[in-house]
S.K.: 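One structure, as structure tokens, below. Some questions next.
Order of listing sets the numbers, starting from 1, for every ligand and every atom in it.
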Amino acid sequence: MGKAKMFKIRGIDSFPNVFQNPHFTNPVLKNFEGTELNLKGKWRSDVFKNNHPIVMELACGKGDYALALAKKYPQKNFIGVDTKGARLYTGAKNALEAKLDNLFFARMRIENIMLFFDAAEIDEIWITFPDPFPRKKDGKRRLTAPAFIKRYQQICKPGATVHFKTDDLPLFHFTKESIDELGLKMLYYKEDIYSAPLEFEELEIKTYYERQHLADGRTINYLAFQL
Ligand SMILES: C[S@@+](CC[C@H](N)C(=O)[O-])C[C@H]1O[C@@H](n2cnc3c(N)ncnc32)[C@H](O)[C@@H]1O
């Protein structure tokens, strides 16, 4: 591992806006002081210290969506979730510099979110450019596979919206199949969103990966469904 990456991974240990699950087999979250916390059901009372809705960005990488939305909506709380410390470093550092008190980051595996969030604790989810896992045998690892959507149902309010943005059309179609298989309601579905004026200003936000895909001439797709 390069020195810069190592520096970032160590760096987030001291960030007050990051909680980490260091060992994925042990369901414990640590804060910047190394204190072990049980935040399940307590994110509003103990972390945000308000009663505002909580929006989660899953596989957030550098947290571009969470950052932009947190600036746009100070009356909502945001949590960016990813496993990769070096990527979270960038988002968490930007959030600290922008003095955002409505945005935190959680380093954990999305497979384990039910261990750290209570039933109905989350109001809305964004999933932005997750790995497509194109091989059929890896289908279960896709973040919009039915088993993952069932995890989101366990921590979200009934009727919560999941937003999904990807450049990968096979993954986009796979996601529609998952939604159909679970009998959930599609709220919006559009391939190649930039081919026409955008209907929601949130879609103008572009992540690190999205910017790379656009530079490569790829088209971007967006759908939203209800849990
Ligand atoms: C292709 S990147 C996209 C990052 C960001 N959303 C963007 O658009 O720039 C996918 C991210 O998903 C994260 N990821 C993949 N599987 C995960 C899992 N099971 N739990 C947590 N994070 C995961 C990776 O660490 C990586 O940062």
S.K.: Salt bridge or not for Glu124 and Lys76, using N-O below 4.0 Å?
M.R.: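 A salt bridge links Glu124 with Lys76.
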S.K.: Show every side chain to side chain donor-acceptor pair (under 3.5 Å) that has at least one partner inside residues 140-156, sequence neighbours left out.
M.R.: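 Every side chain to side chain donor-acceptor pair (under 3.5 Å) pair that includes a residue of residues 140-156, provided the two are not neighbours, is Thr144-Thr175.
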S.K.: Among all protein heavy atoms, pick the one closest to atom 26 (C) of ligand 1 and tell me residue, atom and distance.
M.R.: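 Here the nearest protein heavy atom works out to Arg87 NH1, 3.0 Å.
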S.K.: Show which atoms of ligand 1 fall inside a sub-4.0 Å distance from at least one heavy-atom site of Phe129.
M.R.: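 Those of ligand 1 that fall under 4.0 Å from Phe129 are 1 (C), 2 (S), 3 (C), 8 (O), 10 (C).
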S.K.: What's the shortest distance from atom 17 (C) of ligand 1 to any protein heavy atom, and which residue and atom give it?
M.R.: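 Nearest neighbour among protein heavy atoms for atom 17 (C) of ligand 1, to 0.1 Å: Ile110 CD1, 4.3 Å.
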S.K.: Have Glu202 and Tyr73 got a donor and an acceptor in their side chains that come within less than 3.5 Å?
M.R.: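 Yes, a side-chain donor-acceptor pair sits under 3.5 Å.
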S.K.: Who's the nearest protein heavy-atom neighbour of atom 8 (O) of ligand 1, and how far?
M.R.: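 Here the closest protein heavy atom is Thr207 OG1, 2.6 Å.
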S.K.: How far is atom 15 (C) of ligand 1 from the closest protein heavy atom, and which atom is that?
M.R.: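 Minimum-distance protein heavy atom for atom 15 (C) of ligand 1 reads Asp131 OD2, 3.4 Å.
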S.K.: Just heavy atoms, cut-off under 4.0 Å: does Met108 contact ligand 1 by side chain, backbone, both, or neither?
M.R.: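 Backbone only.
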S.K.: Using a strict threshold of under 4.0 Å (side-chain N to carboxylate O), is an ion pair present between Lys157 and Asp123?
M.R.: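 Result for this pair is yes, salt bridge flagged.
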S.K.: Could you find the nearest protein heavy atom to atom 24 (C) of ligand 1 and give me its residue, atom name and distance?
M.R.: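 The answer is Asp82 OD1, 3.4 Å.
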S.K.: Check the side chains of His173 and Glu191 for a donor-acceptor pair under 3.5 angstrom, ignoring hydrogens and angles.
M.R.: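 The answer is yes; a qualifying pair exists.
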S.K.: Check ligand 1 against Lys84 and write out every atom of the ligand that is under 4.0 Å from a heavy-atom position of the residue.
M.R.: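 The atoms of ligand 1 under 4.0 Å from a heavy atom of Lys84 are 25 (O).
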S.K.: Hey, is ligand 1 close enough to Asp64 that some N/O pair sits below 3.5 Å?
M.R.: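 It does not: no N or O of Asp64 is found under 3.5 Å from an N or O of ligand 1.
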S.K.: Taking 4.0 angstrom as the limit and counting only heavy atoms of Ala59, give me the atoms of ligand 1 inside it, by number and element.
M.R.: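 So the answer, numbered in order with elements, is 4 (C), 5 (C), 6 (N), 11 (C), 12 (O), 13 (C).
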S.K.: For Arg109, state whether at least one heavy atom is located under 4.0 Å from any atom of ligand 1.
M.R.: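 The answer is yes: ligand 1 sits under 4.0 Å from a heavy atom of Arg109.
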S.K.: Sequence neighbours left out, what passes side chain to side chain contact (heavy atoms under 4.5 Å, CB included) with Asn51? Give chain and number order.
M.R.: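 By the side chain to side chain contact (heavy atoms under 4.5 Å, CB included) rule, Asn51 matches Arg44.
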